[in-house]
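Okay, structure first, notes after.
Whatever order the structure lists ligands and atoms in, that order sets their numbers, starting from 1.
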Amino acid sequence: MSVRAKKHLGQHFLKDENIAKKIADTLTENNYDTVLEIGPGMGVLTKYLLQKKLTTHVIEIDTESVEYLKAHYLNLADRIISKDFLKLDISTILNNEQFAIIGNFPYNISTQIVFKTIENRNLIPELCGMFQKEVAKRIAEKPGSKAYGILSVLTQAFYDAEYLFTVPPSVFNPPPKVDSGVIRLIRKENYNLPVDEKLFFKVVKTAFNQRRKTMRNSLKSFNLSDKLREDTIFAQRPEQLSVEEFINLTKSIANDAI
Ligand SMILES: C[S@@+](CC[C@H](N)C(=O)[O-])C[C@H]1O[C@@H](n2cnc3c(N)ncnc32)[C@H](O)[C@@H]1O
C-alpha cells in the first residue's frame, strides 16, 4: 500500500532513486550531527539519509504518510514528528543542538520554510532542498538580474546560497507543472547583522516593492534627510545593490533618524 498523493499538501513523490540519493548527498555534514527532513512522505529521501552517520529526524503533516513511515522504517519510529513544520517550536526540539534541514519541500510553503530557517538560524547551519526551480533561482540569485529580490537579499544576509541542479517533472508522481531546483544554504560565520534586523527587513521589502524605481523614490516613506538622499546609492535600483550595500544603507538610515 502506498500513500495517495494529496494536492493541498503539495505531495509530489519522487520516484527516481538516483535523484533522491543525489539530494541526500548535497549535505556537507560539516558542523552538525543531526538532520531534520521536512515532509518525508513515503521516505524515498529518508532512506538515503539513514545510510549516513547523521541522526535523522523527520517531520510530516500527513498522518497517512506517518503511518506508512512507521510501518516501513521501524528504526525511525521514535524520530518521526507528526506535525506541521510551520507550527513547530524549533527551540524546544532536538535539545537545542545544531541541525541541518533537508527536504523535497512542499512548494506551497517553501518560502515560509526559508523564513523560518532564517529566524532560527542560531540552530541551523545548513539547509539543502528542492524548491520550484524559479524559487530556488530567486533564493540564490546575485545582483543585476531580474530574479534578484527580497528572497535573495534576506536569505543571503545570513546564508551563502548555491544553486546546485535542476530536476525535471518526469521524476515525480504525480508530476508537477514546473521544473524543480535544488539549492544549498550554508550559514555565514557571522550570521548576526550589525544593524537592526527589523529595519533591514523593512528597507529591503520597501525597496523591492517598487523595484523599477530608484532607491530615492522607493524609500520616500522613510522621510530621509536631503543629505542622505544625495548619496549615489539612491540613484540606483534595488536590483543593483549587493547584500552588503543593503546592510550599509540600513546603517545610514538608522543614523539619519537620530
Ligand atoms: C513534495 S512532497 C515530498 C515527499 C517525499 N519527501 C518525496 O520526495 O517523495 C512534500 C511532503 O511534505 C509534506 N508536507 C506538506 N506540508 C507540510 C508541513 N506544513 N509540515 C510538514 N510536512 C508537510 C507532504 O505531506 C509531503 O509528504
Side-chain angles (χ1 to χ4, degrees), residues 1-27 34-52 54 56-73 76-77 79-94 99-120 123-124 126-136 139 164-184:
M1 275 278 285
S2 59
V3 174
R4 191 179 37 88
K6 301 164 197 75
K7 206 174 171 188
H8 72 285
L9 293 179
Q11 289 183 337
H12 296 278
F13 298 115
L14 258 178
K15 56 181 188 185
D16 186 325
E17 298 264 338
N18 293 325
I19 300 283
K21 182 174 184 319
K22 199 170 166 188
I23 296 174
D25 287 344
T26 60
L27 290 169
T34 301
V35 63
L36 175 67
E37 183 189 356
I38 301 174
M42 286 183 278
V44 60
L45 175 58
T46 324
K47 184 162 82 187
Y48 293 99
L49 298 175
L50 290 169
Q51 291 174 8
K52 295 183 179 289
L54 301 166
T56 301
H57 295 254
V58 301
I59 178 159
E60 174 57 66
I61 197 170
D62 176 32
T63 48
E64 192 186 353
S65 295
V66 168
E67 290 314 312
Y68 181 96
L69 291 166
K70 281 185 179 161
H72 289 81
Y73 296 87
L76 183 69
R79 283 174 278 122
I80 300 175
I81 308 168
S82 181
K83 256 192 184 165
D84 178 347
F85 172 72
L86 297 180
K87 294 193 178 141
L88 181 72
D89 182 354
I90 286 190
S91 62
T92 61
I93 59 155
L94 311 181
F99 64 95
I101 285 183
I102 196 165
N104 165 14
F105 300 130
Y107 293 158
N108 49 339
I109 62 159
S110 64
T111 53
Q112 293 174 76
I113 290 174
V114 172
F115 283 118
K116 186 157 178 159
T117 300
I118 291 172
E119 263 171 49
N120 293 280
L123 292 172
I124 308 172
E126 189 169 303
L127 175 148
C128 296
M130 182 139 66
F131 296 77
Q132 200 174 316
K133 180 181 175 185
E134 184 224 318
V135 176
I139 293 171
L164 300 173
F165 55 91
T166 301
V167 178
S170 57
V171 303
F172 298 90
N173 183 25
K177 290 203 174 73
V178 291
D179 276 345
S180 302
V182 175
I183 60 167
R184 177 167 54 222

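- For Glu17 and Lys47, the salt-bridge test passes: some basic side-chain N is under 4.0 Å from an acidic carboxylate O.
- Annotation for ligand 1: atoms under 4.0 Å from non-hydrogen atoms of His12 are 1 (C), 2 (S), 3 (C).
- The protein atom (non-hydrogen) at minimum distance from atom 22 (N) of ligand 1 is Ile61 N, 3.4 Å.
- Of all heavy-atom pairs between Ile102 and Ile23, the closest is CD1-O, 3.7 Å.
- Of all the atoms in ligand 1, the ones that sit under 4.0 Å from a non-hydrogen atom of Leu14 are 7 (C), 8 (O), 9 (O).
- Contacts between Ile109 and ligand 1, counted as non-hydrogen atom pairs separated by less than 4.0 Å, involve the side chain only.
- When hydrogens are left out, the protein atom nearest atom 26 (C) of ligand 1 is Gln11 CG, 3.5 Å; that is the closest non-hydrogen contact.
- Taking any N or O of Glu60, backbone or side chain, at least one lies under 3.5 Å from an N or O belonging to ligand 1.
- Judged purely by atom type and a 3.5 angstrom limit, Asp62 uses its side chain to pair as donor or acceptor with the backbone of Ser65.
- Other residues, nucleotides and ligands contribute over 12 non-hydrogen atoms within 6.0 Å of the NZ atom of Lys15.
- Nearest approach of Ser110 to Phe131, heavy atoms of both residues: CB-CD2, 3.5 Å.
- The closest approach between a heavy atom of Glu37 and any atom of ligand 1 is below 4.0 Å.
- Which parts of ligand 1 touch Lys83 is read off a 4.0 Å heavy-atom cut-off, strictly below it: atoms 20 (N), 21 (C).
- Per-residue contacts place Phe85 under 4.0 angstrom from the following atoms of ligand 1 (heavy atoms of the residue considered): 18 (C), 19 (N), 20 (N), 21 (C).
- Geometrically, ligand 1 and Asn104 share a nitrogen or oxygen pair separated by less than 3.5 Å.
- The two atoms that bring Leu45 and Asn104 nearest to each other are CD2-N, 4.0 Å, heavy atoms only.
- Of the listed options Gly10, Gly41, Gly39, Gly39 places a heavy atom closest to atom 11 (C) of ligand 1.
- Nearest heavy-atom pair, Met42 versus Tyr68, reported as atom, atom and distance to 0.1 Å: O-CE2, 3.4 Å.
- Using a distance-only test at 3.5 Å, with no hydrogens or angles considered, no donor-acceptor pair links the side chain of Glu37 to the main chain of Gly103.
- Only the backbone of Pro40 comes within 4.0 Å of ligand 1, counting heavy atoms alone; no side-chain atom from C-beta on gets that close.
- Annotation: Lys6, atom NZ; neighbour count of heavy atoms from other residues, nucleotides and ligands within 6.0 Å is above 12.
- Below 4.0 Å from some heavy atom of Asp62 lie the following atoms of ligand 1, by number and element: 25 (O).
- In this structure, atom 15 (C) of ligand 1 lies nearest to the protein heavy atom Leu9 O, 3.2 Å.
- Near Ile59, the atoms of ligand 1 lying under 4.0 angstrom from a non-hydrogen atom of the residue are 21 (C), 22 (N).
- Residue Phe13 approaches ligand 1 through these ligand atoms, each under 4.0 Å from one of its heavy atoms: 4 (C), 9 (O).
- Between Asp84 and ligand 1 there is a heavy-atom distance shorter than 4.0 Å.
- Met130 approaches Phe172 most closely through the heavy-atom pair CE-CZ, 3.5 Å.
- The shortest non-hydrogen separation linking Val167 to Val171 is CG1-CG2, 3.3 Å.
- Residue Val44 touches ligand 1 through its side chain alone, judged by heavy-atom distances below 4.0 Å.
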